[in-house]
Protein chains: 2
Amino acid sequence: MIQKMKTATMQDVAKLAGVSMMTVSRVISNEAKVRDKTRDKVMAAIEELDYQPNLSARSLASAKSHLIALFYQNPSEGYVGQLLIGALSKSQSRGYNLVVSSLDETTDDVETALKALVRRNKIEGIILPPPLSDSQRVLDILMALNIPAVRISPQRDDHPFPFVCMDEAQAAFDITEHLITQGHRKIGFIQGHPDHSGSHLRYEGYKRALEKHHIDIRDDYIQQGLFTYRSGFQAAVNLVTLADPPTAIFASSDDMAAATISAAQKHHLQVPSMLSVVGFDDAPIASAIWPSLTTVRQPILEMAERATDLLIDALKKKPETEQEMETPPEQNLENILEYQLMLRETVAAA
Amino acid sequence: MIQKMKTATMQDVAKLAGVSMMTVSRVISNEAKVRDKTRDKVMAAIEELDYQPNLSARSLASAKSHLIALFYQNPSEGYVGQLLIGALSKSQSRGYNLVVSSLDETTDDVETALKALVRRNKIEGIILPPPLSDSQRVLDILMALNIPAVRISPQRDDHPFPFVCMDEAQAAFDITEHLITQGHRKIGFIQGHPDHSGSHLRYEGYKRALEKHHIDIRDDYIQQGLFTYRSGFQAAVNLVTLADPPTAIFASSDDMAAATISAAQKHHLQVPSMLSVVGFDDAPIASAIWPSLTTVRQPILEMAERATDLLIDALKKKPETEQEMETPPEQNLENILEYQLMLRETVAAA
DNA sequence: CTGAAAGCGCTTACAG
DNA sequence: CTGAAAGCGCTTACAG
């Protein structure tokens with residue numbers, strides 16, 4: 001029964017490597033200088049014993065909770081699910097634990113609630129997905145609390161907290177161009193909710209693609225939607241009943257794209273043979289419906305992973321340069337993630 | 001600046017209450033007998049200092065990881081999301097941390113992978129949502145590892161591991177009866193995938209409702225589906241094109257119900273005025289489409305919470321009676337959760 | 001670049 | 001029913 005074998009401790013590793021615990025600790029935390037040869041010996045010992053640091057002991061000794069929090073505010077279930085999977089796996093692999101809590105920024109006592117939550121759980125850093133990533137109120141409170149935070153897909157990039165996102169305008173450009181490549185020149189567009197910056201970015205991408213290919217932008221081909229199925233349905237009907245209707249429609253969300261397909265079918269336009277349709281998000285509905293929807297996949301899981309990494313990085317270096325978080329971070333390209341065109345069944349050549 | 005105040009330790013509580021740390025510890029763990037008066041003093045001190053036990057210290061001292069794991073295998077994003085939120089909040093409130101990992105039971109090395117995962121992370125207990133809750137292989141491995149596990153919505157109840165679920169047959173009965181109450185007597189049924197026990201349970205509920213109301217069960221009103229949109233579409237077309245078509249259709253999943261609506265529209269049957277449709281699950285698509293779908297909501301989040309509670313209960317009492325997990329648990333009613341009929345827009349009186 | 005000592009805040013035996 | 005002592009496995013200063 002090898003089963004009952006006790007798990008190795010740092011002590012064991014030190015003994016096997018012929019060094020002190022301190023050295024082992026330094027190798028693991030990858031911090032202070034350790035001679036290469038010493039490091040190798042320690043690494044070998046860790047390997048041999050299959051040593052796993054005891055996180056509880058580490059937290060206790062360092063007086064740190066190793067706890068980060070992800071707050072969410074009624075987003076779609078699928079969205080939080082992806083977010084949680086990404087944040088959870090990354091925080092675990094980096095030795096942190098994740099607290100998850102819903103937070104309503106519109107209630108009177110957000111401030112009290114938030115402070116209590118942070119103080120009581122000794123939360124060290126925070127991940128803010130949309131729409132919290134744009135809540136001035138929440139951002140202000142966190143700022144005052146002087147606690148590091150990372151935003152996911154924020155609308156504004158003029159805030160000192162770092163963020164991760166994807167290039168929505170470019171994605172919209174790409175999928176529009178895909179339609180153009182298929183021979184479409186009459187392309188309708190259904191806008192998203194005007195309050196979401198995503199709506200503007202997607203429209204911008206659509207416009208840029210048409211301009212690049214010298215296609216006139218027709219006002220009657222642009223319909224206002226609100227991201228919902230219902231609003232998309234009405235917008236699609238408006239497009240489809242035009243005297244000179246488009247041969248393809250780009251809806252700013254998958255719900256609206258699904259509605260567009262229904263509207264088309266109702267008006268005896270087969271998709272994609274008589275009308276091509278594309279969406280945005282790669283929501284569950286995109287692959288549920290039939291024909292399945294050609295759309296843009298947002299890398300939600302990856303964004304959560306990246307955000308978690310950013311946050312933990314900040315946590316680890318924070319002690320050295322206290323006000324680093326105050327200055328706007330260099331928003332490097334690594335934090336703008338790749339989207340993906342999901343080419344499915346709703347697009348045909350014009 | 002009260003901000004910088006150090007958080008109270010058990011030492012502080014003991015001093016304020018005029019007892020030893022040991023007594024405070026006992027009060028908190030709610031275990032050994034403590035005189036009521038002593039307990040009250042301690043409680044008051046805890047209250048006054050807003051004392052929060054340090055989980056790291058507890059874990060280190062007790063040599064327990066306080067870690068439980070939730071494994072999942074490619075279910076829908078929305079489903080995992082709900083699951084995670086429920087399991088996470090409950091485990092946190094009970095002082096446990098949650099590890100989340102996907103697990104593919106079909107790979108060759110599940111056993112090795114599972115054992116390594118459990119051993120390395122010192123995982124104390126496991127939550128198994130479907131379809132893992134029915135994987136004989138995974139159950140066997142866990143059994144051999146002698147690690148407590150709790151299953152969510154398993155198909156079989158003949159396994160020693162305890163489980164939580166909802167009464168799917170009763171839910172199907174209720175929603176069918178709802179249709180009958182609205183005056184429908186010609187009710188079509190689209191079955192789910194034959195391999196899922198849920199399919200059988202839902203069919204059983206449908207049948208029982210018709211029988212109760214003395215409505216004949218017509219073979220041509222029963223169509224086989226596979227839970228997918230596409231399969232539902234075909235099944236719905238079959239029903240709708242019958243010489244004597246049903247006035248209402250109960251699809252065993254929301255995806256198939258959504259497909260039924262599309263199929264109806266294609267055949268110029270307005271929903272719900274000419275055809276009523278109900279689904280099962282309350283998946284995102286149910287409220288996304290229009291008209292929004294009348295369906296049954298499964299209490300996924302609550303099931304995850306209950307499962308987590310069950311698991312932690314087992315963990316806490318395990319040391320006393322080692323073989324308790326071996327004997328089939330008394331499956332009490334608390335572990336069968338309430339579903340909810342979501343009455344929306346796809347049902348009209350016949 | 002490396003190490004010996006002290007201590008983080010609890011719980012586990014063991015006494016009484 | 002209550003308490004004094006030891007120790008869980010690390011990291012933080014502090015030396016050298």
Side-chain angles (χ1 to χ4, degrees), chain A residues 6-43 45-46 49-67 95-97 120-122 124 315-316 318-320, chain B residues 6-43 45-46 49-67 95-96 120-122 124 315-316 319-320:
Chain A
K6 267 207 154 122
T7 39
T9 93
M10 185 178 273
Q11 192 74 260
D12 303 330
V13 176
K15 203 188 293 177
L16 183 65
V19 299
S20 74
M21 274 172 63
M22 209 39 247
T23 303
V24 178
S25 177
R26 276 191 267 259
V27 169
I28 289 168
S29 63
N30 203 22
E31 263 179 28
K33 312 284 165 217
V34 178
R35 212 190 307 162
D36 276 355
K37 206 172 156 188
T38 315
R39 176 184 306 277
D40 291 346
K41 275 193 303 187
V42 173
M43 291 300 247
I46 289 176
L49 295 166
D50 189 25
Y51 168 66
Q52 299 289 124
N54 181 317
L55 300 187
S56 301
R58 175 183 294 176
S59 291
L60 181 57
S62 64
K64 281 188 196 148
S65 66
H66 288 265
L67 214 55
Y96 277 73
N97 276 123
R120 290 171 60 125
N121 294 296
K122 309 202 187 76
E124 295 181 34
L315 255 29
K316 296 211 161 172
K318 203 190 175 193
E320 305 169 20
Chain B
K6 266 208 152 117
T7 40
T9 96
M10 185 178 274
Q11 192 75 260
D12 303 330
V13 175
K15 201 189 294 178
L16 183 65
V19 298
S20 74
M21 273 173 63
M22 209 39 247
T23 303
V24 178
S25 177
R26 275 191 268 259
V27 169
I28 288 169
S29 63
N30 202 23
E31 263 181 27
K33 310 286 165 214
V34 178
R35 212 191 306 163
D36 276 356
K37 208 172 155 188
T38 317
R39 176 184 306 278
D40 291 346
K41 275 194 302 189
V42 174
M43 292 300 246
I46 289 175
L49 296 166
D50 188 27
Y51 169 66
Q52 299 289 124
N54 181 318
L55 300 186
S56 301
R58 175 183 293 177
S59 291
L60 180 58
S62 64
K64 282 187 195 148
S65 67
H66 289 264
L67 215 55
Y96 276 74
R120 291 170 58 125
N121 294 295
K122 309 202 187 80
E124 296 183 33
L315 256 30
K316 296 215 161 172
E320 306 168 19

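Lettering of chains follows the sequences in order, A, B, ..., and the numbering in each one begins at 1.
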Stepwise, does the side chain to side chain contact (heavy atoms under 4.5 Å, CB included) test hold for A/Met43 with A/Val27?
CA-CA 8 Å; A/Met43 291 300 247; A/Val27 169; 3.8 Å; yes
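- Regarding B/Arg26, its CZ atom lies at a distance of 8 Å from the C1' atom of D/dC1, rounded to whole Å.
- Considering only residues two or more places apart in sequence or on other chains, B/Asp50 meets the side chain to side chain contact (heavy atoms under 4.5 Å, CB included) condition with A/Arg120, B/Gln52.
- Side-chain proximity of A/Thr23 to the nucleotides C/dG3, D/dT2, D/dC10 is greatest for C/dG3.
- D/dA13 atom C1' lies 14 Å from atom NZ of A/Lys64, rounded to whole Å.
- The heavy-atom pair separating B/Val24 from B/Met10 by the smallest distance is CG1-CG, 3.6 Å.
- In the set D/dC10, C/dT2, D/dC8, the nucleotide with an atom closest to the side chain of A/Thr38 is C/dT2.
- As a whole-Å value, the separation of A/Asn54 CG from C/dG9 P is 17 Å.
- Between the CG atom of B/Leu55 and the P atom of C/dG9 there is a distance of 13 Å, given to the nearest Å.
- Comparing atom distances between the A/Arg35 side chain and each of D/dC8, D/dG9, C/dC1 picks out C/dC1 as nearest.
- For B/Ile46 and C/dC10, the CD1 to C1' distance is 13 Å, given to the nearest whole Å.
- When each of D/dT11, C/dC10, C/dG9 is scored by its nearest atom to the side-chain atoms of B/Met10, the top-ranked nucleotide is C/dC10.
- Residues passing the side chain to side chain contact (heavy atoms under 4.5 Å, CB included) test with A/Leu55 are A/Arg58, sequence neighbours excluded.
- Of the candidates C/dT12, C/dA4, D/dG7, C/dA4 carries the atom nearest the A/Ser20 side chain, counting heavy atoms from C-beta on.
- In terms of position along DNA chain D, the nucleotide closest to B/Val19 lies nearer the 5' end than the nucleotide closest to the other residue of the pair B/Ala57 and B/Val19.
- The side chain of B/Met22 lies closest to D/dA4 when the candidates are D/dT2, D/dT11, D/dA4.
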Worked check of side chain to side chain contact (heavy atoms under 4.5 Å, CB included) between A/Ile28 and A/Ile46
CA-CA 9 Å; A/Ile28 289 168; A/Ile46 289 176; 4.0 Å; yes
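- Going from atom CD1 of A/Ile28 over to atom C1' of D/dT11 covers 11 Å, rounded to whole Å.
- Following rounding to the nearest Å, A/Arg58 (CZ) and D/dT12 (P) show an atom-to-atom distance of 10 Å.
- Put simply, CD on B/Glu124 and OH on B/Tyr96 are 5.0 Å apart, with the number rounded to the nearest 0.5 Å.
- Rounded to an integer number of Å, the gap from B/Gln11 CD to C/dT11 C1' is 14 Å.
- Taking CZ of A/Arg35 as the reference point, atom NZ of A/Lys41 lies at 8.0 Å (rounded to 0.5 Å).
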Based on Watson-Crick and G-U pairs with both distances under 3.5 Å, what dot-bracket line describes DNA chain C 5' to 3', crossing pairs as [ ] and inter-strand pairs as |?
|||.||||||||.|||
